[in-house]
**Student:** 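Take this structure, written in structure tokens, and hold onto it; I'll ask about it next.
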Amino acid sequence: MERSVSELENASHSTSRGIRVENLAKYYGDHCVFKDINFEIGPREIVSVVGPSGCGKTTLLRCLNGLIQSDEGQVIADGLPVDSPRPGIAIVFQDFGLFPWKTALDNVAYGLVVQGMKKDKARKIASTYVNMVALEGFEDRYPHQLSGGMQQRAGLARALAVEPSVLLMDEPFGALDAQTRELMQFELLQIWDKNPMSMLFVTHGIDEAVLMGDRVIVLGGKPSGIYREVDVPLPRPRDASTVASAEFQELRSQVWDHVMTVRRNTSSDEN
């Protein structure tokens, strides 16, 4: 059954209550990846997640999306439990996740078509998001004809086109060169300022975590848990001057110290 644009918007925004994680744990056999994970993300809030490699950041994100099942606890999004992927929760991966046989426009329209919208209407809506991420003129290009930054823009546009109430970002700029990564950070912030939603931003970059987030969660330990939450009271909108500020540098130092402490503690436990 086809869904209209207004129905899609109502489904994602009218009942938006953010996302809540309660006592979450995940095991692979006898190995506990993480346990006792508890946090909330408000309907207009970005929370960044950092931690050492192997601490379960991506596994946590996939549990939040319903791609994999947690073994303990629950995830509540917009007041409903998440036990499988569903409309209203979108995810952007580091590897872009584009279909190589589809054009940029059809990749962006894909989520709308899956939700039941007719292809011509989905492509019309998708074109708006193509323009939003500065890909106009490249609609008919295939992924191999796009640069890495353009591919990531297409992946972001596809996630935004379904009007999610929750956007999950899995190191979305990790595969980009330093200059393109910085440009994409500020472009995403500008888009979010105009279309705020609940966002979980997983990253290895401490500067990126502080720049993006209203809070930064530091994961660590064996098994992983929430070691610290750092509030980031930097004003929005944020731009290059934010990174240059003394407040930013102080917050960055706090998060860095927590991550280094987690790494040292984990190394000590292994020895």
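What you are looking at is a predicted structure, and each value in this text was computed from that prediction instead of being measured. Side chains are part of it too, since the values below use all heavy atoms of this structure and drop only hydrogens, waters and symmetry mates.
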**Student:** With a 3.5 Å distance limit and no angle check, can you tell me whether Ser165 reaches the backbone of Gly88 through a side-chain donor-acceptor pair?
**Tutor:** yes
**Student:** From Leu167 CG over to Ile91 CD1, what is the distance, rounded to the nearest 0.5 angstrom?
**Tutor:** 9.0 Å
**Student:** Measure from the side-chain N and O atoms of Asp239 to the backbone N and O of Ser241, and report whether any donor-acceptor pair falls under 3.5 Å.
**Tutor:** yes
**Student:** Checking the side chain of Gln151 only, and the main-chain atoms of Pro143 only, is there a donor and an acceptor separated by less than 3.5 Å?
**Tutor:** yes
**Student:** State whether Glu250 and Arg252 are salt-bridged, where the test is any N-O pair (Lys NZ or Arg NE/NH1/NH2 against Asp/Glu carboxylate O) under 4.0 Å.
**Tutor:** no
**Student:** Under 3.5 Å, is there a donor on one side chain and an acceptor on the other for Asp36 and Asn23?
**Tutor:** no
**Student:** Is there a donor-acceptor pair closer than 3.5 Å between any side-chain N or O of Asp106 and the backbone N or O of Lys102?
**Tutor:** no
**Student:** To the closest 0.5 Å, what do you measure between CG (Leu189) and NZ (Lys194)?
**Tutor:** 12.5 Å
**Student:** Minimum heavy-atom separation for Gly42 to Ser198, with atom names?
**Tutor:** O-OG, 2.6 Å
**Student:** So, Trp192 side chain and Met197 main chain: donor-acceptor pair closer than 3.5 Å or not?
**Tutor:** yes
**Student:** Please find the pair of heavy atoms, one from Asp193 and one from Pro196, that lie closest to each other, and give the distance.
**Tutor:** O-CD, 3.9 Å
**Student:** Taking 4.0 angstrom as the limit, do Arg236 and Asp214 come out as a salt bridge?
**Tutor:** yes
**Student:** Show the nearest heavy-atom pair for residues Ala77 and Val82, with the distance to one decimal.
**Tutor:** CB-CG2, 3.7 Å
**Student:** Group every Ile, Leu, Val, Met, Phe, Trp and Tyr by side-chain heavy-atom contacts under 4.5 Å, then state whether Phe186 and Met150 land in the same group.
**Tutor:** yes
**Student:** Once rounded to the nearest 0.5 Å, what's the spacing between atom CE of Met169 and atom CD1 of Ile46?
**Tutor:** 9.0 Å
**Student:** In terms of hydrophobic clustering (I, L, V, M, F, W, Y; side-chain heavy atoms under 4.5 Å; direct or indirect links), are Leu98 and Val114 co-clustered?
**Tutor:** no
**Student:** Does the side chain of Thr128 pick up a donor-acceptor pair with the side chain of Asn131 at under 3.5 Å?
**Tutor:** no
**Student:** For residues 103-122, pull every pair meeting ring-ring contact (aromatic ring centres under 6.0 Å, His included), keeping only residues two or more places apart or in separate chains.
**Tutor:** Phe99-Tyr110
**Student:** Supply the atom-to-atom distance Glu229 CD to Arg215 CZ, rounded to the nearest 0.5 angstrom.
**Tutor:** 5.0 Å
**Student:** Hey, is the main chain of Asp257 close enough, under 3.5 Å, to the side chain of Thr261 for a donor-acceptor pair?
**Tutor:** yes
**Student:** State whether the side chain of Lys26 and the backbone N or O of Gln69 hold a donor-acceptor pair below 3.5 Å, judged by distance alone.
**Tutor:** yes
**Student:** Are more than 12 heavy atoms, taken from residues, nucleotides or ligands other than Arg44, located less than 6.0 Å from that residue's CZ atom?
**Tutor:** no
**Student:** Quick check on side-chain contact (heavy atoms from CB on, under 4.5 Å): which of Thr203, Thr180, Leu183, Leu188 does Phe173 satisfy it with?
**Tutor:** Leu188
**Student:** Examine distances only and state if a side-chain atom of Glu22 and a backbone atom of Gly73 form a donor-acceptor pair shorter than 3.5 Å.
**Tutor:** no
**Student:** Kindly work out whether a path of hydrophobic side-chain contacts (I/L/V/M/F/W/Y, heavy atoms less than 4.5 Å apart) joins Leu251 to Tyr227.
**Tutor:** yes
**Student:** Check the pair Arg62, Leu64 against side chain to side chain contact (heavy atoms under 4.5 Å, CB included), reporting the backbone distance first and the verdict last.
**Tutor:** CA-CA 5 Å; Arg62 290 172 182 260; Leu64 267 61; over 6 Å; no
**Student:** Between Pro164 and Ala159, what is the shortest heavy-atom contact and its length?
**Tutor:** CD-O, 3.3 Å
**Student:** Count I, L, V, M, F, W, Y as connected when their side-chain heavy atoms are under 4.5 Å apart, and connections chain through other members. Are Ile125 and Ile191 then in the same cluster?
**Tutor:** yes
**Student:** Could you see if Leu234 belongs to whatever hydrophobic cluster contains Met212? Use Ile, Leu, Val, Met, Phe, Trp, Tyr and a side-chain cutoff under 4.5 Å.
**Tutor:** yes
**Student:** Does Cys55 offer a backbone N or O that forms a donor-acceptor pair with the side chain of Ser224 under 3.5 Å?
**Tutor:** yes
**Student:** Quick one: do Glu208 and Arg181 make a salt bridge, cutoff under 4.0 Å?
**Tutor:** yes
**Student:** Can you tell me which residue pairs pass the side-chain hydrogen bond (donor to acceptor under 3.5 Å, both in side chains) test with a partner in residues 135-148, sequence neighbours excluded?
**Tutor:** none
**Student:** Give me the atom names and distance for the closest heavy-atom approach of Ala209 to Ser48.
**Tutor:** O-OG, 2.8 Å
**Student:** List the steps and the verdict of salt bridge (Lys or Arg N to Asp or Glu O under 4.0 Å) for Arg153 and Glu187.
**Tutor:** CA-CA 9 Å; Arg153 285 186 176 93; Glu187 287 180 6; 2.8 Å; yes
**Student:** Can you tell me how far the CG atom of Leu60 sits from the CG atom of Leu219, to the nearest 0.5 Å?
**Tutor:** 6.5 Å
**Student:** Has the side chain of Arg158 got a donor or acceptor atom that lies under 3.5 Å from a matching backbone atom of Gly97?
**Tutor:** yes
**Student:** For residues Val133 and Ala157, report the shortest heavy-atom separation together with the two atoms involved.
**Tutor:** CG2-CB, 3.8 Å
